[in-house]
There are 2 protein chains.
Amino acid sequence: MSSPSSTPPDRATLPAAIPSGANLAALRDHNAATVLTLVRAATATAAVTATAADRATQATGGTSGRAGVSRVELARQSGLTAQAISKIVQRLLDDGLLAEAGRGASTGGKPRTLLTLVPDARWAVGVQLGRDALTVLRADLTGRVVADRQVAIDLAAWGPGRVLDLLAEQVSWLLGAVPPERVLGVGIASPGPLDQRAGVLHQVTGAPSWDGLALRDEVAGRLGLPTLIEKDSTAGVLSGLGSPDRAFVHLDRGLGAGLVLGGAVQRGARTNAGEFGHQTIDPDGPRCRCGNSGCVEALWAAARSPREAAGVLGEAIANLVRLLDLDEIVLGGREVLAAPDLYLAEVRRVLAARLPDPTWQPVTVSVAPSGPNAVALGAAGLVLARLFG
Amino acid sequence: MSSPSSTPPDRATLPAAIPSGANLAALRDHNAATVLTLVRAATATAAVTATAADRATQATGGTSGRAGVSRVELARQSGLTAQAISKIVQRLLDDGLLAEAGRGASTGGKPRTLLTLVPDARWAVGVQLGRDALTVLRADLTGRVVADRQVAIDLAAWGPGRVLDLLAEQVSWLLGAVPPERVLGVGIASPGPLDQRAGVLHQVTGAPSWDGLALRDEVAGRLGLPTLIEKDSTAGVLSGLGSPDRAFVHLDRGLGAGLVLGGAVQRGARTNAGEFGHQTIDPDGPRCRCGNSGCVEALWAAARSPREAAGVLGEAIANLVRLLDLDEIVLGGREVLAAPDLYLAEVRRVLAARLPDPTWQPVTVSVAPSGPNAVALGAAGLVLARLFG
DNA sequence: GCCACTTAATCCACGCTGTTGTTTAACTGG
DNA sequence: CCAGTTAAACAACAGCGTGGATTAAGTGGC
């Protein structure tokens with residue numbers, strides 16, 4: 001019972017994307033995750049389209065204006081039968097993940113019973129391990145942050161032992177009296193490169209004592225909770241819901257991009273996708289600390305004005321959008337947050353200029369609403385994904 | 001019975017990646033596809049590692065030196081129980097998709113019965129609709145081309161009617177006396193942009209009569225076979241097996257990239273991913289026909305020597321590899337095939353120079369073994385994917 | 001105020017999935 | 001020759017979603 005629980009085959013031993021068999025338990029978990037995702041989406045859109053609620057009710061039998069979805073709607077959207085939805089919902093109600101929340105308007109018969117997520121049925125902990133700061137937060141099932149804290153650290157000088165002790169201490173504080181079985185796990189975002197699958201850090205620039213550290217297992221050992229690690233920029237893309245083809249562009253000390261393509265997080269062959277800062281966009285450009293010339297990062301740093309810097313980022317994003325046919329870009333990171341309106345305006349301007357047909361290819365550009373918490377929240381989103389598939 | 005058959009929910013009505021429920025039929029098909037994929041992989045690697053067969057037997061209980069896999073190995077690799085594999089294999093034997101092919105060496109007990117794909121149990125038709133040529137071919141389950149033909153056309157001048165009649169005629173010739181139930185379908189690769197999901201072409205440069213044509217349904221109507229369409233470069237990436245994170249770089253009239261990331265073909269929000277040719281890699285570069293300046297395509301065209309042109313492509317590929325953390329690049333298209341060794345050497349040289357640590361990030365670069373058939377074969381691969389998941 | 005009608009959700013029996021436990025098949029080695 | 005070992009199938013079973021019938025809870029006409 002309880003939450004999705006099928007143990008994935010260990011992906012370490014085999015080359016990579018091994019086709020993997022599924023049994024009845026996996027089927028059940030998959031469908032439970034499907035239903036949870038649909039309920040979450042419905043409540044999320046209900047919040048957004050609260051004003052345009054009238055139009056929504058009209059649209060193709062879709063989400064009603066109210067918060068929550070009915071079983072009939074879930075059946076239609078999932079492709080499962082009403083009976084199957086009934087059973088699945090019943091299990092989720094028993095687990096406390098869903099709750100009935102009033103009824104919808106009748107359309108001539110028995111009114112639909114609306115279902116919503118129970119936000120505090122489970123918790124996810126998100127951590128951002130930065131070079132100079134440690135951010136920890138606790139998020140509920142809807143991705144709302146209920147507690148967060150940021151403490152100054154010195155990653156390079158302190159070394160793993162001291163930092164991880166502090167981390168464990170902060171997480172304990174976060175969780176307070178929350179029973180462990182209600183905690184889905186801990187997600188840790190760290191500067192790359194790293195091996196996400198093995199949970200091991202590679203050489204962190206300027207912090208040799210962290211080289212090869214088994215970060216995931218170290219933290220899991222200290223906390224006794226399921227733990228995952230992720231590159232910071234990649235984590236960021238999970239800080240909120242959004243398009244199945246989107247990117248989180250993280251402009252902080254470095255420049256990285258988190259990618260969700262075809263609805264799935266993309267990490268690449270060695271889980272180091274997103275090295276966006278070292279795209280060469282001008283072979284005659286300034287030398288970059290990576291050794292090459294004309295990287296986006298180097299061009300950005302060499303810009304003569306904030307506006308020009310933002311424009312450079314826009315050009316790089318235009319390339320990204322064209323290559324991957326994205327329809328949503330979320331901006332984050334300290335440099336962006338220091339001048340959000342400027343970056344928003346410039347990136348939008350460049351995209352409008354560069355992309356062939358804006359009506360055929362609209363791209364939403366926004367600044368991460370979670371602001372400085374985006375990466376840590378994305379790390380929490382990583383563990384939430386255990387439940388939502 | 002027979003081949004995987006669950007009807008996918010229509011993705012047209014809903015935003016995009018709708019989480020979709022699965023039932024027992026879907027589960028069965030998924031596992032059948034899993035087994036077929038494992039058998040295919042085993043036979044493919046057996047062919048490749050034929051020389052290094054001795055080492056293979058030693059490795060982690062993996063694929064034995066011979067062609068074929070045993071049920072025990074399938075069970076281990078898929079994570080399913082031996083009994084489940086037994087049943088699934090039995091169904092696939094009944095369908096004629098698998099066959100028993102000898103036995104492996106005994107390891108002290110009953111020897112394993114080896115299973116192989118029956119190559120001609122099903123057929124896939126691949127079509128490349130080019131501006132000046134129509135390529136059609138028939139491929140078996142292993143992706144081997146058993147018949148192919150290329151005829152000159154003039155896409156712009158002839159218009160859809162004449163070309164599609166010719167296409168139907170060629171496909172009929174290809175299939176000869178093959179019973180329709182043994183034909184998985186027809187995949188059609190076309191120059192983009194197009195709407196892969198709807199099966200509709202967008203404005204094909206210089207061929208206005210094709211604008212908005214419902215290519216998929218037109219062809220399906222003429223042939224009475226399941227039909228899919230795909231961008232040419234995207235199709236190309238399916239012309240062979242390979243890494244779960246790879247790209248097919250197609251240098252022909254234009255430059256495009258087909259992407260497989262995380263084991264899945266990536267098409268993007270409007271199924272137009274892969275616009276690789278219009279990545280800006282030099283803002284001061286020559287003007288491109290797309291309206292911008294310094295696109296890869298424009299730089300390539302402006303190169304003063306073939307070697308320089310190949311180098312330009314290499315630079316662009318280096319960006320691609322870094323961004324997506326790819327470990328395999330396949331080159332194709334007429335321009336590459338005109339000087340394969342040059343392109344291979346230059347791309348490898350640039351990658352070696354540009355990528356930080358070649359031992360940590362090895363990238364395989366090759367020219368598509370199917371040569372001029374790569375795109376059409378990839379289109380056939382698209383329909384083979386119906387069987388292999 | 002009744003009742004036919006409609007729609008939502010559940011109850012019940014069922015078919016089919018992969019799983020568990022047991023048996024048969026087929027080869028090795030002392 | 002026979003104990004030991006490994007592969008694969010047989011038999012019984014739990015649990016998944018499905019299909020058909022039933023109950024719950026509204027609307028609307030007269």
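In what follows, chains carry the letters A, B, and so on, assigned in the order in which the sequence lines appear, proteins first and then strands, with residues in each chain numbered from 1.
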Out of dG26(D), dT18(D), dG15(D), which nucleotide sits closest to the side chain of Thr81(A)? dT18(D)

Using the salt bridge (charged side-chain N to carboxylate O under 4.0 Å, His left out) criterion, which residues pair with Arg267(A)? Sequence neighbours excluded. Glu230(A)

Report the end-to-end axis angle of the helix from dG1(C)-dC30(D) to dG30(C)-dC1(D); each axis comes from five terminal pairs, and the value is rounded to 10°. 0°

Is the phosphate of dC16(D) approached by Asn23(B) (side-chain N or O, under 4.0 Å from OP1 or OP2)? no

Hey, is the side chain of Asn31(A) poking within less than 4.0 Å of OP1 or OP2 on dG17(D), counting only N and O atoms? yes

Would you say the side chains of Ser86(A) and Gln83(A) form a donor-acceptor pair under 3.5 Å? no

Can you list everything that forms a side chain to side chain contact (heavy atoms under 4.5 Å, CB included) with Thr37(B)? Sequence neighbours excluded, please. Pro19(A), Arg40(B), Phe388(B)

Could I get the full list of side chain to side chain contact (heavy atoms under 4.5 Å, CB included) partners for Val186(B), not counting sequence neighbours? Val125(B), Val127(B), Ile188(B), Leu223(B), Leu225(B), Thr227(B)

For dC16(C), does OP1 or OP2 lie under 4.0 Å from any side-chain N or O of Arg28(B)? no

Under the salt bridge (charged side-chain N to carboxylate O under 4.0 Å, His left out) rule, collect the residues that match up with Asp140(A), sequence neighbours excluded. Arg144(A)

Atom-to-atom span, CG of Asp29(B) to P of dG18(C) - whole angstrom: 10 Å

Just N and O in the side chain of Arg91(B): are any of them under 4.0 Å from OP1 or OP2 of dG18(C)? yes

Nucleotide N/O to protein N/O under 3.5 Å, stretch nucleotides 7-10 of chain C:
from: dT7(C); atom 1: O2; to: Lys110(A); atom 2: N; distance (Å): 2.9
from: dA8(C); atom 1: OP1; to: Arg112(A); atom 2: NE; distance (Å): 2.5
from: dA8(C); atom 1: OP1; to: Arg112(A); atom 2: NH2; distance (Å): 2.9
from: dA8(C); atom 1: O4'; to: Lys110(A); atom 2: O; distance (Å): 3.3
from: dA9(C); atom 1: OP1; to: Thr113(A); atom 2: N; distance (Å): 2.6
from: dA9(C); atom 1: OP1; to: Thr113(A); atom 2: OG1; distance (Å): 3.2
from: dA9(C); atom 1: OP2; to: Val72(A); atom 2: N; distance (Å): 3.3
from: dT10(C); atom 1: OP2; to: Arg71(A); atom 2: NE; distance (Å): 3.4
from: dT10(C); atom 1: OP2; to: Ser86(A); atom 2: OG; distance (Å): 2.0

Which listed nucleotide (dT18(D), dC27(C), dT19(C)) is nearest to the side chain of Leu80(A)? dT18(D)

Between NE2 of His30(B) and P of dC16(D) the distance, given in whole Å, is 17 Å

Please enumerate all residues that pass salt bridge (charged side-chain N to carboxylate O under 4.0 Å, His left out) together with Arg71(B), with sequence neighbours excluded. Glu100(B)

Side chain to side chain contact (heavy atoms under 4.5 Å, CB included) with Ala84(A): which residues, sequence neighbours excluded? Leu80(A), Thr81(A)

Can a cation-pi geometry be assigned to Arg182(B) and Trp123(B), taking NZ or CZ under 6.0 Å from the six-membered ring centre and within 45° of the ring axis? no

Could I get the full list of side chain to side chain contact (heavy atoms under 4.5 Å, CB included) partners for Ala75(A), not counting sequence neighbours? Ile85(A)

Please report, rounded to the nearest Å, how far the P atom of dC16(C) is from the CD1 atom of Ile88(B). 16 Å

Provide, to the nearest angstrom, the distance between the CG atom belonging to Leu27(A) and the C1' atom belonging to dG15(D). 10 Å

